[in-house]
Amino acid sequence: MKSNQDDPMNINFSIKVTATDFPKREISGRIVTWNEAGVTSAGETLFKEGSITFGNTTKLLLEHRRESPIGFLKSYKVGKEGIDAVFSIGNTTAGSDSLVEASTGLRDGFSVGVIAEKYKNVDGVLEVSASSCKE
């Protein structure tokens, strides 16, 4: 079964943290792997290659709470496999706690939030071909 959707959809998904640099106050990791189905807030979802774009500022939020930013997107690299990103963490109590939690494995993942603009359901898997990263 295939169906095309026209309304933007908020999607949240978790990605594993791969590195923490406490002196630089940075957390990094792959925020998406292309063409690999995974579980999101919208169910099983697959992001097509090149399907996520970024605005001028992307904040790193604690638990998707807009009132709880802990940092911002410093840099990212779009490759054939996916997107790897580095986040700069603010010098706040919550930011420091997040660095400690990430470096010790207590908090081992990013939760990425996008607005899917072009997507379709293919046999129960949401395939996203265009989206913008909101957090």
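For reference, positions follow the sequence shown, starting with 1. Because only heavy atoms are used, hydrogens play no part in the values below, and waters and symmetry mates are left out as well, while side chains stay in.
- In this structure, the side chains of T58 and Y76 stay at 4.5 Å or more apart for every pair of heavy atoms.
- Two residues are said to be in side-chain contact when any heavy atoms from C-beta on lie closer than 4.5 Å; I31 and F87 meet this criterion.
- Not a single donor-acceptor pair under 3.5 Å links the side chain of S129 to the backbone N or O of S51.
- Contact check for K48 versus N35: side-chain heavy atoms found under the 4.5 Å cut-off.
- For the atom pair D7 CG and M9 CE, the distance stands at 8.5 Å (nearest 0.5 Å).
- Contact annotation: the side chain of S96 approaches that of R25 to within less than 4.5 Å [non-hydrogen atoms, C-beta and beyond].
- Contact annotation: the side chain of R107 never approaches that of D97 to less than 4.5 Å [non-hydrogen atoms, C-beta and beyond].
- Connection of I70 to V100 is established within a shared hydrophobic cluster, with ILVMFWY side chains joined at heavy-atom distances below 4.5 Å, either directly or through further cluster members.
- In terms of hydrophobic clustering, with Ile, Leu, Val, Met, Phe, Trp and Tyr side chains grouped at heavy-atom distances under 4.5 Å, L46 and V112 are assigned to different clusters.
- The shortest side-chain heavy-atom distance between E135 and K59 does not fall under the 4.5 Å cut-off.
- With values rounded to the nearest 0.5 angstrom, I27 atom CD1 is found 9.5 Å from F22 atom CZ.
- Using a distance-only test at 3.5 Å, with no hydrogens or angles considered, no donor-acceptor pair links the side chain of S75 to the main chain of A85.
- Counting all heavy atoms, side chain and backbone alike, A116 lies closest to S131 at CA-CB, 3.7 Å.
- Separating the CG atom in N56 from the CG atom in L73 is a distance of 11.0 Å, to the nearest 0.5 Å.
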For this session: Could you check I52 against I83 for side chain to side chain contact (heavy atoms under 4.5 Å, CB included), going step by step and ending with a plain yes or no?
Result: CA-CA 9 Å; I52 298 177; I83 300 175; 4.0 Å; yes
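- Summarising the geometry, atom CG belonging to L99 is positioned 10.5 Å from atom OG1 belonging to T104; distances are rounded to the nearest 0.5 Å.
- Two residues are said to be in side-chain contact when any heavy atoms from C-beta on lie closer than 4.5 Å; V78 and W34 meet this criterion.
- In the hydrophobic clustering of ILVMFWY residues, with side-chain heavy atoms under 4.5 Å counting as a link, F54 and V114 come out together.
- Side chains of Y119 and I11 form no contact here, defined as non-hydrogen atoms less than 4.5 Å apart.
- Residue-environment remark: CD (E44) exceeds the threshold of 12 foreign heavy atoms within 6.0 Å.
- Scanning both residues, S28 and V86, for their nearest heavy atoms gives CB-CG2, 3.9 Å.
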